[in-house]
Q: 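For reference, the structure I am asking about is given below.
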Amino acid sequence: MSDRESHFVALDDLTVSFDGVRVLHGINLTVSRGEALGLVGESGSGKSVTWLAALGLLPGKARIGGSASLEGVELVGASPSTLDRVRGGRIAMISQDPASALNPVISIGKQIGEALALHRGLSGTAGRAETLRLLDLVGIPDAARRVHAYPHEFSGGQNQRVMIAMALAGQPDLLVADEPTTALDVTIQAQILDLIRTIRRELGMALVLISHDLGVIAETCDRVAVMYAGRIVEEGTTGALFDDPRHPYAQGLLGSLPPLSGPRRRLVSIPGVVPDPRLLPAGCAFAPRCAKRMPACDSAVPSLAVTWPGHRVACFLEDAVGQERTRSEGVAA
Amino acid sequence: MGRFIILRVGRALITIALVVTFAFIVLRLSGDPAQNILGPEAPPEVLAAFRRAWGLDDPIWLQYLHYFGAIAQGELGRSMRDGRSAIEIVAERIPITLALTVPALVLKLGIGIPAGVYAALHRGSLTDRIVMIASVAGFTIPSFVLGLTLVLVFAVQLGWLPSGGQDSWRHAILPILTLGIGGAAILARFTRSAMLEVLGQPFIRAASAKGVPWRDVITRHALPNAAIPTVTIIGFMVGTLIAGAVVVESVFSWPGVGRLLVVAVANRDLAVVQCILLLVAATMVISNLIVDFLYGFLDPRLRSAKGHKAAGGQP
Ligand SMILES: Nc1ncnc2c1ncn2[C@@H]1O[C@H](COP(=O)(O)OP(=O)(O)OP(=O)(O)O)[C@@H](O)[C@H]1O
Ligand code: SF4
Ligand SMILES: [Mg+2]
């Protein structure tokens, strides 16, 4: 419960079902002010759904349980007016495909201006000036002329810059960037990530970065959470997680990664496939693919337990070796 | 843009030439105008004089050349029935038809678009299902069946409204309803699917994520996008303002262009038929041009695609 007050955003046992099929099985996660949290995991593990659920952006057929709170204010089931103030004003979100996330028939200036009017009451001359400043900030050249242009007149990278400008318009405290560079060329990816890092440093904004690029996560984030089949399986500081991942899935993802300073790597592939949410194993969801599987793994779902302060793992292996392992930080609290 | 217009107009002219030729072939080969207009009792010498006067004795190819030559010079000819100018005869019927079709169009837009938007926003609700069933009915029930049903209920059973004629505004109500209901159903269906398509787009969720209240997401973000495909069907409806009421005018004995066309065809009155066909073709062409213009207005992607082509730039 103390999480709710001390953290900026706290997800508490957040669950999501679509048409009776549970895809998110109780997410516990916090984001502090100014912190950068990375979220990794194979496709379909629930990274996007987690944050869409927190902001009430899932389609009506989604059933959401548990809690997502912002400075102690509950967002799950909150009134539309509460959510509209949070969205864009406190927590902004940018997504994978900037071209389709911008309205094709509204000029980019108007789309940015809309956010300025909503969250900062800026319109008219003040709104126009701020729009130009934001476009400048995100590196759109010749902003004064380009402000009247439409999304199709920009490249993918420029559209993502526009999306970032739009996200910054509401002066949010947290930016959720959901694979912000997946749709872009490799050279442009680096530029956009640099932009996100720079802006975060300058504005002191918290960041949740969802990415398949572990190198990017390592360079950008203070903490990382690894998701598998709708659960967090390991979470800790970037250093600890990359140096010494505990969960077999995280080891598969991160273990063979070169040192942090090395070249970027994509997720390595682990034999087997992510289970269908409708056909999850009774025990640990990773068991069918796990080389260290034990009899206990099939009987119950391992819970996310603190392994040492600031580090959590959901694996029965941890319980077994937890006692004998000696770490300077001490054993599980 | 200039090339584009020339191409469009050129295509329209070819279409019109084909339509006019078709009318000539059908009307001239299917019966004798003299017999049709003068009646079966007319004496042979009167028929012969009529044929001579209207050039009906000439070989058919020569008649066609005369006919086509006159049209090419903008001469639309005279009615064989009373010798009046065909344009004049048709022109006086246009407002009578518009008195039905314009209110009907307003009805189609006024009911069809809101119903479609509402159905899309409340997908799966009772209203949505009612709109869908009504629109299937609107597609499938022929207008004469709908018209006769309305007559049966409101004129015969209830006696509220007259069943035919053109004496007062009350006479216009049933034909307007007949035209409007079917069109509204079709438009509702189109609007609904256009709206659903747009609501599934990522930029709708992105607008919500930005904090735009749902009502403004609909009006500012969804509707302008859904309007683009809907304009096509509206343009088609505008194109039928003149000639879309043939059946309904016949059912309700409404003396508009449609009825005139039916009578003129029966009489093999070529000049009048031809004049109406030209008018219809012209309305279609104009409504198409309006639709193209509206596309450009609603969709900046098309606007700059044309601009780029003209400037020789890359897309
Ligand atoms: N609108 C929806 N309707 C039904 N199921 C959905 C919907 N959105 C997501 N899901 C399901 O929820 C699960 C989690 O999806 P999510 O998009 O969060 O994955 P992700 O981790 O973001 O993957 P990716 O890396 O591909 O973006 C998947 O099984 C997906 O099929
Ligand atoms: S709980 Fe068992 S199956 Fe699951 S990851 Fe740990 S060892 Fe593997
Ligand atoms: Mg995703």
Q: Return the set of residues passing side-chain contact (heavy atoms from CB on, under 4.5 Å) with B:Leu177 (not counting sequence neighbours), or none when no residue passes.
A: B:Leu107, B:Leu150, B:Ile173, B:Leu174, B:Ile181
Q: Is B:Ile204 in contact with chain A via its backbone, its side chain, both, or neither, using a 4.5 Å heavy-atom distance?
A: neither
Q: Can you say whether A:Ile94 sits under 4.5 Å from chain B via the side chain, the backbone, both, or neither, judging by heavy atoms?
A: neither
Q: I'd like to know if the side chain of B:Glu249 pairs up with that of B:Thr97 as donor and acceptor (distance under 3.5 Å, no hydrogens or angles considered).
A: yes
Q: Considering all heavy atoms of both residues, which atom of A:Asn159 and which atom of A:Ala99 are nearest to each other, and what is their separation?
A: ND2-CA, 4.1 Å
Q: Among A:Met163, A:Arg85, A:His119, which has the most heavy-atom pairs under 4.5 Å with chain B?
A: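 Top option by heavy-atom pairs under 4.5 Å: A:His119.
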Q: What part of A:Pro104 gets closer than 4.5 Å to chain B, counting heavy atoms only: side chain, backbone, both or neither?
A: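 Both parts, backbone and side chain.
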Q: Excluding sequence neighbours, so at least two apart, what forms side-chain contact (heavy atoms from CB on, under 4.5 Å) with A:Val31?
A: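 Result, side-chain contact (heavy atoms from CB on, under 4.5 Å) vs A:Val31: A:Val9, A:Glu35, A:Leu37, A:Trp51, A:Leu174, A:Ala206, A:Val208.
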Q: At a 4.5 Å cut-off on heavy atoms, which part of A:Ser100 comes close to chain B: side chain, backbone, both, or neither?
A: both
Q: In terms of heavy-atom pairs under 4.5 Å with chain B, which of A:Pro151, A:Gly88, A:Ala101 leads?
A: A:Ala101
Q: Would you call A:Arg133-A:Asp136 a salt bridge at under 4.0 Å N-O?
A: no
Q: Does any heavy atom of chain A fall under 4.5 Å from the side chain of B:Val198, the backbone, both, or neither of them?
A: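 Answer is neither: B:Val198 stays 4.5 Å or more from chain A.
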Q: If I compare all heavy atoms of A:Met93 with all of B:Ala209, which pair ends up nearest, and what's the gap?
A: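 In terms of heavy atoms, the two residues are closest at CB-CB, 4.4 Å.
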Q: With a 4.5 angstrom heavy-atom cut-off, is it the side chain or the backbone of A:Leu55 that approaches chain B, or both, or neither?
A: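 When you check distances to chain B, no heavy atom of A:Leu55 falls under 4.5 Å.
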